[in-house]
Each structure stands twice: as C-alpha cells, then as structure tokens.
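Read the structure below first, then the notes.
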Amino acid sequence: MTQPLLQQFAHDLQDCWQADYFRLRARLNRLAKNPDQKQLGQLQKAILKSKQFRENRSAALPDFTYPEALPVSENHKQIAEAIQRHQVILVCGETGSGKTTQLPKICLEAGRGINGIIGHTQPRRIAAQAISNRLAEELKTEVGKTVGFKVRFRDRSSSENLIKVMTDGILLAELQQDHWLNQYDTLIIDEAHERSLNIDFLLGYLKQLLRKRKDLKLIITSATIDAERIAAHFNDAPVIEVSGRTYPVEMRYRPLHDPDSDDDPLDLQQAIVSAIDELQKEGRGDVLVFLPGEGEIREASKTLRHLRDRMDILPLYARLPSAEQKRIFHPGGKTRVILATNVAETSLTVPGIRYVIDSGQARISRYSWRSKVQRLKIEKISQASANQRAGRCGRTGPGICIRLYNEDDFNNRQPFTEPEILRTNLAAVILQMVSIRLGDIEQFPFIDKPDARLVKDGYRLLRELQAVDDRKNLTATGKKLARLPIDPRLGKMLLAAEKTNAVTEVLAITTALAAQDPRERPQHKQQAADEKHARFRDEKSDFISLFNLWEYLEEQSEQLSHNALRKLCQKEFINHRRWREWHNLHRQLKLALKILIIKLNKEPADYAAIHRALLSGLLDQIGFKDKKFEYLGCRNQRFFIFPGSGLHKKPPKWLMAAEVTETTKVFARIVAGIQPQWIEQVGKHLIKHHSSEPYWQKSKARVGGYEKLTLCGLIVNPRRNINYAVVDPELSREIFIRHALVYGEWKNNLPVIQENRSLIEQVENLEARTRRRDILIDEQELYDFYAKMLPANITSGASFERWYKQNQNARKLKLDKNTLIREDARTVNVAAMPEIWRQDNLQLPLTYHFEPGSEQDGVTLKIPLSVLPQINETLTEWIVPGLIEEKILAHIRGLPKSVRKQFVPAPDFARVANERLKFGENNLLAELGKVLKQITGFEVKKPDWRTENLPLHLKMRFEVIDREGQ
DNA sequence: CTCTCCCTT
C-alpha cells in the first residue's frame with residue numbers, strides 16, 4: 001500500500017523547488033524506513049506545495065532579448081550550450097563586453113533559475129545594486145521580484161527571485177547557515193581575477209561543493225590574463241572568450257631613467273610634467289595619473305600648479321572628502337588632470353579619460369607573519385594591474401598610456417598581483433572555516449595555498465582571542481565570534497564588554513573601527529577641520545574621541561531632519577555617507593548582539609571598563625614607552641604614535657593600539673593609555689611567568705618567591721610577589737619540609753609538630769651537653785622521614801594543617817627518640833653532664849652550649865642575684881663531671897714545658913689523676929697537685945698552674961638574674 | 001616626532 005505511494009513521492013520530488021528538495025528527500029527516506037500515515041499525509045502536502053512553487057517560478061520566466069550592441073550578445077547561444085554541457089565554465093573578456101549583465105540572462109536561456117536561484121556575486125556593494133537595477137530594467141520587472149539583490153544593510157531578495165545579485169561577502173555569510181547553498185541552482189562569480197580574500201575562499205569552497213552537488217552550475221568571469229589558472233583549478237573547465245568593446249590604447253614607455261641618454265634621471269614629479277606636456281600635443285583630452293598614495297598626489301598637485309588656469313587638477317583617493325570626489329563625476333569646461341590612487345583602477349570609473357599616465361607603483365598591503373605587522377610599502381604593480389590601468393583610457397575612444405618605466409621593466413614584472421590570501425592575516429577566514437567545519441585547512445583546495453606559517457599565525461591570533469583552544473577547536477567564544485559580522489578582534493571586544501558592562505560604549509567604538517573614519521580633513525581646510533573635531537578629542541584615548549563623536553552625531557541625527565543633518569555634517573567636516581555606514585553597522589551589530597542575548601548598559605561605563613574590554617582584542621598590540629616618543633611593543637617591535645592621534649603630544653607610559661602599520665615608520669593608529677595591571681588581568685591566558693628566588697616565608701608559613709610577567713616578550717611586571725607553590729609545588733614542598741619541619745621555622749599549635757620539635761631540642765641539648773655533633777640523625781634523614789610521609793600537595797603550613805586535621809595517618813608523623821638518635825650514639829653518658837647544680841640546699845639550673853669560640857660556649861650556671869653571695873666559687877672550679885678530665889688535661893698541658901714533661905703522655909696522667917680525685921672536694925688545683933705528686937713524686941709549684949689560657953668551655957659561666965628575670 | 005591601497009559579512 002505505501003510502496004507505490006513512496007515511489008510516486010520520489011517521482012514528484014524531481015519537480016520540487018531546489019531549496020526544499022534535499023529536506024523533503026530526507027523526510028521521505030525516514031518515512032520509507034518507518035512509515036507513518038499522518039506524516040505521509042503531511043509530506044504529500046509539502047511536496048505538492050513545493051511543486052506548485054516551482055511551477056510558479058517557471059511561469060514567472062520573463063521574455064527577454066540581448067542588446068545588439070554588446071559583444072556578448074553574439075555568443076549567447078554558445079555560452080548557453082556550454083552551461084548545459086559543463087558544470088563549470090569560465091567566461092572572460094575585458095570590460096565593456098556586457099558579460100556582467102548578460103550572463104544571468106544567458107543562464108535563464110539555458111534553463112537555469114527555475115529549480116533554484118541564479119546567484120550572481122560582485123565584489124562591491126554599489127556594483128551589485130547597479131547590476132540588479134540594470135537587469136530588472138532589461139527584464140522589464142521591478143527589483144525585488146524576478147531580480148533581487150542583497151548587500152550589507154539592504155536586502156531586496158526573496159525566494160521568488162530567479163536572479164539574485166549580491167556581494168561575494170553575502171554569499172559567504174549565507175554559507176554559514178546553508179553549507180550546501182541549496183537555494184541556488186547556478187552561481188556566477190564575477191570579477192574573479194580580483195582575487196580578493198572572499199573570492200579565493202569561495203572558489204576553494206565551491207570546488208568541494210561541486211562534487212557533492214552535481215546539479216549546481218558555476219560560471220566564473222575573469223580577465224583573460226588570469227583565466228587559465230582558475231580554469232586549471234576547476235579541472236580544466238572550458239574557457240569562453242568574449243571580445244571586449246574597447247578601443248586600442250597606444251603604449252609609450254617613458255622611464256625616469258633613459259638608458260640610451262646621458263641625461264640625469266628624472267624624479268617622478270618631473271616625469272609627470274613632461275608626460276602631460278607630451279600628451280597635450282596629441283590633442284585635447286582628460287588625463288588620469290596613477291600614483292601610489294596621498295602624499296605623492298599632494299606633491300603632484302603642487303608641481304602642476306602652473307597648469308591651473310588651463311586645467312582642473314583633481315586629486316582622487318578613497319579618503320577624499322565627498323565634495324571633492326564629486327567634482328570628478330561632474331566635469332567642468334577645462335581639461336582635467338586627475339591624480340588618482342588605486343581607487344581609479346577598479347573601484348571607481350572616471351568617465352571620459354583619453355590619456356593615462358602610470359607611475360607603475362602602488363602601496364600594497366602585506367601582513368608579515370614574522371613581525372605580525374601590516375606593511376604598506378610602495379611596490380611595483382603587476383602586469384595585470386598595469387594593463388588594467390592602461391585600459392582606463394580606451395573606453396570611449398582610442399587612448400594613449402604613458403608608462404613611467406621602460407618596456408623591459410614591464411616584461412620583467414609579475415604577471416599578476418599576488419592574491420590577497422597570500423598577504424593578509426587569516427584569522428577571520430580561518431574562524432569562518434572552522435565554524436563551518438571545513439576540516440584540515442592544509443587540505444582545503446585554495447587556488448593559491450597560503451604559507452603554512454601564515455595559517456599558523458592566523459590560528460595564533462584566534463588562540464589569543466580565545467576563539468579556538470589548543471587543539472584548534474572552536475570555543476564558546478569562537479562560536480559567538482563567527483556569528484558576529486565583524487573582525488574577530490572587534491567581536492572579542494564586544495564579548496568582553498558584556499563582562500565589564502560597557503557594551504554601549506564598546507559597540508559605538510568597535511563599529512567606528514570597522515567603518516571608515518567619517519572625519520574629513522580637506523587639503524586646504526585642515527586647520528578648520530581640526531578645530532571642529534577638537535572638541536571630541538580625548539587626551540587619554542582616541543577610542544573615547546570616537547565615542548564622543550558618536551554620541552554627538554547620534555544626538556544630532558535624532559533631533560535634526562535629514563537635510564539639516566547633512567548641512568551640519570558639511571559644516572563640521574563629517575563625511576555624511578561614512579556616518580550613515582557607521583550608523584548602519586551599529587544597528588546591524590546591535591541586532592546581532594540581541595540574538596546573542598547581550599544587553600546594552602544603561603549606565604555610562606568608566607574608562608577602565610571600556611578599555612579593558614577593548615584591550616581583550618588588542619593584547620598583542622600594546623606598547624611601553626621606552627624612549628621619548630618611542631614605544632617597545634611585542635616581540636621587540638618598536639613603534640611611534642601616529643601624529644594624528646590625540647595622545648601624540650602627551651604619550652602615556654603604556655598604551656594599546658587598534659592598528660599597527662608600517663609606512664615610513666611603524667605607526668600605532670588609534671591608541672589609548674592603559675594600566676599594566678589590566679594587561680596582567682585581561683591577558684592572563686597569554687602571560688608568561690618567569691619565577692625566581694623561592695624562599696621560606698616564615699610569617700605566612702609558605703614558600704614565597706618572585707616572578708617576572710611577560711606578554712609576547714614585553715615585560716608587563718618586572719617583579720611580583722607570589723606564592724611559589726603555584727608555579728613549582730615540588731620545590732615548594734621541599735622547602736616547606738626543610739624549613740618548617742626540619743629546622744622548625746614554623747609557629748603553630750599542632751601537637752605533633754610541637755612534640756617533634758621539643759624532642760629534637762632535647763636531642764640538640766644532649767649534643768650541647770656532651771659537646772658532640774653526632775647524636776641527632778642528620779638533616780637529610782629527618783627530611784627523608786617527612787618527605788616519605790607527606791602527600792605531594794603539602795606545600796605550606798595551611799595545606800599541612802588541612803591535611804593533618806582530615807587524616808588519621810598524619811599521626812604517624814610523630815617521632816620517637818630512637819628514630820632521632822643515631823644508632824652509634826645511643827650510649828651517651830648524660831649523667832656526667834647534669835642539668836642541675838647542687839650546693840648544699842641550693843639547686844640551680846645548668847645550661848649547655850656547644851659553640852667553640854663563642855662567649856657562650858660551655859656550661860652556664862644561672863644564679864639569682866639574691867643567692868649570688870652564697871655561691872661557693874671553689875666548687876665551680878670543678879665544673880661538671882663530664883668535663884673534669886678534659887679540664888685536668890688542659891691544666892697539665894698548660895704547665896711550663898720543663899714541668900709538663902714529667903707527665904707524658906698527658907692524657908694518661910689526666911685519666912689516672914681523675915680516677916683518684918674526689919669530685920667537688922676542696923680546691924681543684926690543690927687536690928690535683930697532691931694526686932700528681934702521689935703518682936710521680938713530682939711536685940708542681942703553685943705559680944706553674946695557669947688558668948688564663950684554658951679553653952672557655954672548661955670554665956663555668958655565670959649568668960646572674962635579677963628579680964625581674966633579667 | 002609628523003601621515004596610509006582597497007573591499008566586505
């Protein structure tokens with residue numbers, strides 16, 4: 001019963017709308033395994049609805065023709081056939097061939113656009129919008145129906161569209177949601193030769209996708225010169241050449257230094273002057289001069305001052321105030337000389353140019369993975385770029401291009417400009433790739449594979465931003481960053497601002513950093529502009545300056561009409577268009593934050609809250625003022641504050657920079673003063689600790705030490721007190737055991753420690769009394785005893801106490817005397833060294849000290865002042881029994897030589913004499929004299945006895961104590 | 001101590 005029904009469904013699926021197909025097929029497969037009547041009914045409805053939708057699309061197919069004047073119209077049949085026959089084709093032809101607008105129509109002719117949408121991508125928003133308008137016009141419909149477009153901030157697309165024009169960035173963003181790009185049945189990637197980051201990523205991705213989606217067609221357009229490489233990347237896809245509708249351009253090479261002439265080489269400015277002279281002889285016509293940068297343009301406009309009454313000298317670069325840029329598109333009566341940067345090469349088309357002068361140079365942005373700095377150096381442009389420049393004068397009639405270099409130079413140049421992917425930081429691309437689980441980036445089929453070190457560096461930045469972990473997996477932060485349509489550094493600032501409660505301020509600032517600066521400085525009104533902008537300026541932070549500007553403009557835009565705001569912007573030197581961009585970006589990000597449930601703070605945030613959040617995205621762009629005006633940054637990089645900064649005159653000790661770029665010098669642009677402690681806190685995960693000097697910190701009963709903190713080589717804190725156990729628990733444990741337990745340098749109330757300590761003191765006292773060093777087991781043995789007993793995590797008094805209280809085993813730490821006394825010293829005669837001195841009824845304490853050479857060495861008798869007169873000094877001569885034999889020996893040895901020789905060997909005489917003496921009875925020397933005479937018959941005369949050279953420890957010391965115990 | 005190409009989610 002269900003089987004034929006399922007077959008019918010499978011058949012009907014073929015006629016469904018592409019975007020539904022895969023989803024419905026999956027549902028059908030599930031039901032085939034596990035049939036359910038109710039769900040089958042629902043599926044049937046869904047299939048019918050989708051079929052109907054597709055039929056509607058088919059019915060909406062408009063009639064169209066190809067404009068006869070366009071070259072591409074001649075080949076439309078050939079191209080349509082190629083599309084039907086191949087999955088990928090390349091169409092190349094120069095500008096003016098009409099390929100951009102006609103290709104979508106050719107796709108319709110080839111039957112595309114019904115099952116799914118024909119997606120057409122452009123590098124620039126303005127172009128996408130203009131092309132969709134043009135297409136809608138040619139197809140006699142309104143934008144938004146058959147033809148839609150979608151760019152940032154503006155979406156006029158829907159599933160009704162047969163053709164959807166968008167920026168390549170939009171297609172990439174859609175990839176995040178729909179990895180299969182199921183809503184499209186055809187994709188046209190236009191201007192692929194520009195090889196932007198977006199295009200290279202798309203072309204790599206599409207190569208993989210085409211294997212999985214055999215129904216998807218891909219058309220790539222490119223300049224002829226680049227076509228082969230791209231075709232090769234797509235398994236030698238066919239290349240269809242479409243002739244351009246351009247006029248011939250005569251090339252003239254006028255190098256600065258002519259090898260055939262003895263003249264001195266010209267400088268660039270002189271060369272421009274003579275080129276203009278030469279071209280004027282060819283007849284009237286506007287001139288477009290390509291120069292590397294603003295500086296050269298300013299200089300050239302000065303050099304060409306003398307031509308001003310005959311010609312309009314017009315600068316043209318991206319940052320040019322909008323009023324000045326408009327003059328380019330509204331020609332006056334005079335001949336125009338337009339001094340332009342690369343903007344005029346691709347982004348802007350200057351109408352009516354007859355002559356081009358090409359300096360052959362451009363500022364090229366290159367990111368150095370070695371120094372992590374972006375460089376903007378003047379370089380020689382490629383052949384492709386030079387040809388593009390020359391082509392700018394062949395659009396309305398034959399033109400002449402003067403190259404300020406020679407033909408050999410041209411022929412020796414690189415054929416193509418290096419694609420952006422080889423010379424930029426890849427963090428943002430990698431984040432997107434990881435987010436859509438593209439697997440190993442090394443395996444990704446890029447047309448030009450970026451250097452492994454560049455990929456590694458991109459991961460490095462993502463690690464620093466905590467977007468990926470050590471194993472290159474996306475973290476929770478990384479997932480959020482991938483969903484924010486902004487540079488990962490800036491996204492990170494926003495996420496950090498949630499924690500510091502400064503989202504409102506940081507949102508305004510990050511969007512300002514992502515957009516272009518709306519502040520204008522017209523060449524001749526710089527001072528006036530600076531004065532107007534001065535009131536927003538903050539002396540500590542350029543970021544705050546941006547926020548001040550934001551607040552002002554927001555307030556004004558709420559209060560004023562559109563026109564009034566425009567006028568205000570003009571008066572205040574604010575580029576209104578850029579302000580709109582900033583505002584739109586802000587709105588878009590605010591919405592994205594809302595989706596992530598990140599709330600904006602109502603209360604103003606303070607400086608620290610704002611800048612700590614900003615710092616989290618700029619941790620590798622910090623600097624320390626090392627010399628006057630010169631900063632030392634990460635990896636020993638030195639840099640200067642950009643002169644346009646509000647901090648330029650008052651440089652702070654520590655700063656962070658939104659950008660670090662090398663031009664004539666390494667400059668930090670948009671900077672703010674920071675506290676080094678913030679770096680320690682915000683950059684915790686990147687800080688390297690260099691610990692040193694562990695020591696026993698008696699007051700805290702732990703091991704203290706010091707550490708130096710560095711971040712990417714920069715010393716953030718030269719010397720910080722630390723708990724050493726955190727960095728080296730093993731060593732700390734050793735030090736703890738030695739000082740706290742072995743040496744007893746720990747005050748505490750734990751009985752086991754107290755008892756062990758007093759036991760050790762007893763044995764030490766024994767050593768003092770017996771004047772020996774070898775009774776107590778040595779320190780190492782005591783250390784080993786504790787080390788064996790203590791768990792590895794005991795590193796301080798506190799951790800010891802915790803363990804001791806919780807662990808019955810800890811009682812085993814109790815020492816006994818046998819453990820403490822060395823085996824060979826167990827038979828020490830202690831009685832001969834009494835601790836109490838007795839005289840009649842008097843009992844006084846005797847203390848012992850063993851430190852030869854010291855005043856305190858020997859035996860000390862403590863006598864209260866009150867009993868001092870009662871002390872029998874004669875008795876004290878006998879010192880203590882344990883020392884008397886040594887004292888006798890010393891006395892014998894102290895005798896004059898002639899006397900002394902009667903008692904050789906002296907130790908034997910001392911021993912025998914001692915045996916015969918009665919300890920403590922009468923005067924020691926008198927008794928000794930008697931005994932010696934008994935033994936030898938020799939009488940020692942009284943003056944021969946010397947007492948002054950006797951070692952100190954053989955004389956009783958007296959310590960008199962007054963009533964207060966002093 | 002003094003200045004920078006261009007895009008985009």
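Within every chain, numbering begins at 1; the chains are lettered A, B, ... in the order of the sequence lines, protein sequences first and strands thereafter.
Distance A/Glu194 CD to B/dT8 C1': 12 Å, rounded to the nearest Å. One interatomic measurement links the two molecules: NZ of A/Lys650 to P of B/dC1, which rounds to 19 Å at whole-angstrom precision. The separation between A/Leu513 atom CG and B/dT9 atom C1' is 17 Å, rounded to whole Å. Between the P atom of B/dC6 and the OH atom of A/Tyr367 lies a distance of 22 Å, rounded to the nearest Å. Between the CZ atom of A/Arg319 and the P atom of B/dC5 there is a distance of 9 Å, given to the nearest Å. Across the protein-nucleic acid pair, A/Met433 atom CE and B/dT9 atom C1' stand 16 Å apart, rounded to whole Å. The distance between atom CG of A/Leu316 and atom C1' of B/dC5, rounded to the nearest whole Å, is 12 Å.
Checked options A/Val337, A/Val289, A/Thr303; the residue passing with A/Ile313 is A/Val337 (criterion: side chain to side chain contact (heavy atoms under 4.5 Å, CB included)). Here the options are A/Arg519, A/Arg521, A/Arg537, the test is side-chain hydrogen bond (donor to acceptor under 3.5 Å, both in side chains), and the partner is A/Asp530; only A/Arg521 passes.
When heavy atoms are screened at a 4.0 angstrom cut-off, A/Asp517 is found touching no nucleic acid atom at all. A/Gly293 comes within 4.0 angstrom of sugar-phosphate atoms only, judged by non-hydrogen atoms across all strands, and of no base. Residue A/Ala362 is classed as having no contact, given no heavy-atom separation below 4.0 Å to the nucleic acid. Note on A/Lys628: nothing from the nucleic acid sits closer than 4.0 angstrom, heavy atoms only. Here A/Ile486 lies in heavy-atom contact (under 4.0 Å) with a base. Within 4.0 Å (heavy atoms only), A/Thr167 reaches sugar-phosphate atoms of the nucleic acid but no base atom. Note on A/Arg152: a base of the nucleic acid sits closer than 4.0 angstrom, heavy atoms only. As judged by a 4.0 angstrom heavy-atom cut-off over every strand, A/Gln526 is placed among residues making no nucleic acid contact. Across all strands, A/Leu172 comes closer than 4.0 Å to no nucleic acid atom at all (heavy-atom distances).
Phosphate contact (OP1/OP2 of B/dC7, side-chain N/O of A/Thr346, threshold under 4.0 Å): absent. In this structure, A/Arg125 reaches the B/dT9 phosphate: one of its side-chain N or O atoms is under 4.0 Å from OP1 or OP2. Contact annotation: A/Thr664 does not reach the phosphate of B/dT2 (side-chain N/O to OP1 or OP2, under 4.0 Å).
Closest contact between the side chain of A/Val151 and the listed nucleotides B/dT9, B/dT2, B/dC7 involves B/dT9. Distance from the side chain of A/Phe629 is smallest to B/dC1 among B/dC5, B/dT2, B/dC1.
A/Phe624 and A/Trp654 have tilted rings, their planes meeting at an angle from 30° to 60° on a 0 to 90° scale.
A salt bridge between A/Arg195 and A/Asp226 is absent, with no side-chain N of the basic residue lying under 4.0 Å from a carboxylate O of the acidic one.
Geometric assessment of A/Lys532 against the ring of A/Phe573 yields a negative cation-pi assignment under the 6.0 Å and 45° thresholds.
Side-chain N or O atoms of A/Glu420 include one that pairs as donor or acceptor with a backbone N or O of A/Leu197 at under 3.5 Å.
Of the residues near DNA chain B, A/Gln432 and A/Ser365, the one whose nearest nucleotide (by heavy atom distance) lies more toward the 5' end is A/Ser365.
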